[in-house]
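The structure appears below as structure tokens.
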Amino acid sequence: MVYLELLREYGGLFWSGFRTTLGVSVVSLLGSLILGTLIAGLRMFPYAPVAAVGRAYVEFVRNIPLLLIAFFFYFGLAPFHINLDGIVAGTLALTIYTAAFIAEAIRAGIHSLPRGQWEAGYATGLSYAQILRYIILPQAFRLVLPPLGNQFVNLVKNSSILSLIAGPELLYQGEAIANMTFKTLPVYTLVAAFYLLLTIPLSQLVRYLEKRLGGKELVLERGEAA
Amino acid sequence: MIEAWLEALQPAHLNFLLQGFQITLEVALISIALSYAIGILLGATRYLGVPGLSPLFTVAVEILRNLPILYLLIFARFVLPTFGIRLDPFWSAVVGLTAFEAAMISEIVRAGLASVDRGQIEAATASGLTRLQILRYIALPQALVRMIPPTVSQFISLLKDTSLAVAISLPELMHNAQIIYNGDPVKYVLPILAATAILYFGVNFLLSQIAHVLERRLLRT
């Protein structure tokens, strides 16, 4: 069996690529959750110029390719004598890119709640922060969970661009193994299997959450694929 | 500083960038047309529940949309030849992007068809229309309208994803940008990346504004 042979001989490389893919995705998810929440906060800020900064971030980032951001961090800092390695540059790029989509998901979640929720909160004498903390955010969280899950699936897939800036993730290691063994088809079949091992269960979980929590109106919003 | 930028953005370089941009747009347009047609076919087949075909398409769609696009591009260029299918970088990019986008569009079609009011389907069935006629005259026209905003978003993603064809040496925008700044990285990299970003941003922002207008017009009625 060519597959077992490949796994026996190059299992270590596959495993190391798989770990890097997973690690980069998890770190970028945490980073983009924090950054995305901040951007969403800016975007919904009651003072227009501040909100405009948030909007500019979202519009700019989601209309340029992720690869361009990655190249910026990997090659573009040379004039400043900053040299980031592929994993760091890629993780930064993924974080900045994904944060724009997470910010939009959070905003859409909060906006889809009826205004009456705010009014009722004020009427009962709660403060802005209390309404946010006890009424709005717990409900928004339910709506935002499925799109966040989707973003994580995208992160796992997008982390493959690290292979273009010498970040030794799964696809990069697959290419290396294919070049060493010339067993192109079996190697790339294994690479696909490793990706699907991560992404299919996650996608199924997202579908389940969509059905359970009813985030339907968000699904038809601008969904990012890449 | 200003001189360095002017040198980086000299007409010959900008011209080269625009040549790449043209390839980017060509790949994107062809892939959009193909993936739209295939996506509707896949989505409609799954909606109709054709025995044998529908489950097969469902599996294919699940696999395709859960793989990285970069993987699919590399597969089209370097793995398809092991099946005797040899494609140049341009058509490898079209095949890889179309495979992914058709899967995404078919999901949008399915959601659109599923959102058509059940009463209409029942009424059509009661008046003796076949399932295919219901799809053709009642469900699909409504679904297609509802699909416009998510479809446009999908096309914006596709346009950005053409940049991944750097990996298969297609001379598109990102690839040409790299060639220019590799000439003198310290001087050229920032201005050239900035010019590249403006080109991508320009066309995508325009598309997303169109999507917003369509969304407001169509979803309100």
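Keep in mind that this is a model prediction, so the values were computed, not measured. A, B, ... follow the sequence lines: proteins, then strands. Residue 1 opens every chain.
When the candidates A/Thr184, A/Leu202, A/Leu196 are compared by the number of heavy-atom contacts under 4.5 Å with chain B, A/Leu196 comes out ahead. When the candidates B/Val186, B/Thr196, B/Thr82, B/Leu70 are compared by the number of heavy-atom contacts under 4.5 Å with chain A, B/Leu70 comes out ahead. Looking only at heavy-atom pairs under 4.5 Å with chain B, the residue among A/Val153, A/Leu170, A/Ile161, A/Thr199 that has the most is A/Thr199. Per-residue heavy-atom pair counts under 4.5 Å with chain A were compared for B/Phe205, B/Phe201, B/Phe78, and the maximum is reached by B/Phe201.
Put simply, the side chain of B/Tyr71 does not reach to within 4.5 Å of the side chain of A/Ser160, judged on heavy atoms. At least one side-chain heavy atom of B/Ile74 sits less than 4.5 Å from a side-chain heavy atom of A/Glu175. For the pair B/Phe83/A/Leu185, a side-chain contact is recorded, criterion being any heavy-atom separation below 4.5 Å from C-beta on.
Contact annotation for A/Ser163: only side-chain heavy atoms (C-beta onward) come within less than 4.5 Å of a heavy atom of chain B. Neither the backbone nor the side chain of B/Val152 comes within less than 4.5 Å of any heavy atom in chain A. At a 4.5 Å heavy-atom cutoff, B/Tyr188 makes no contact with chain A through either its backbone or its side chain. Within the 4.5 angstrom heavy-atom criterion, atoms from both the backbone and the side chain of A/Leu68 approach chain B. When heavy atoms are compared at a cutoff of 4.5 Å, A/Leu171 approaches chain B solely by way of its side chain, counted from C-beta outward. Proximity to chain A is limited to the side chain of B/Val189, based on heavy atoms less than 4.5 angstrom apart. Looking at B/Ser163, the atoms closer than 4.5 Å to chain A (heavy atoms on both sides) sit in the backbone and in the side chain alike.
Taking all atoms of both residues into account, the shortest heavy-atom contact from A/Glu59 to B/Ser208 is OE1-OG, 4.3 Å. Between B/Lys160 and A/Arg62 the shortest heavy-atom distance is NZ-O, 2.8 Å. Across every non-hydrogen atom of B/Ala167 and A/Leu164, the tightest pair is CB-CD2, 3.5 Å. Shortest non-hydrogen contact noted between A/Ile200 and B/Asn66 is CG1-ND2, 3.6 Å.
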A/Ile64 and B/Asn204: CA distance, side-chain angles, deciding distance, side-chain contact (heavy atoms from CB on, under 4.5 Å) verdict
CA-CA 8 Å; A/Ile64 59 171; B/Asn204 282 329; over 6 Å; no
Please evaluate residues A/Phe72 and B/Leu190 with respect to the criterion side-chain contact (heavy atoms from CB on, under 4.5 Å), reporting the C-alpha separation (whole Å), side-chain torsions for both, the decisive distance (0.1 Å), and the verdict.
CA-CA 8 Å; A/Phe72 170 78; B/Leu190 283 179; 3.4 Å; yes
Before giving the answer on side-chain contact (heavy atoms from CB on, under 4.5 Å), spell out for B/Tyr181 and A/Phe71 the whole-Å C-alpha distance, their side-chain angles and the decisive distance to 0.1 Å.
CA-CA 11 Å; B/Tyr181 69 65; A/Phe71 280 177; 3.6 Å; yes
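Between A/Tyr188 and B/Phe75, the ring center distance fails the sub-6.0 Å criterion.
Side chain of A/Lys157 to backbone of B/Arg65: a donor-acceptor contact under 3.5 angstrom is found.
Within 6.0 Å of CD in B/Glu3 there are 12 or fewer heavy atoms belonging to other residues, nucleotides or ligands. The neighbour count for A/Tyr3 OH, taken as heavy atoms of other residues, nucleotides or ligands under 6.0 Å away, is above 12.
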N/O donor to acceptor pairs below 3.5 angstrom from side-chain atoms of residues 76-91 of chain A, sequence neighbours left out:
residue: A/Asp85; atom: OD1; partner: A/Val88; partner atom: N; Å: 3.1
residue: A/Thr91; atom: OG1; partner: A/Ile87; partner atom: O; Å: 2.6

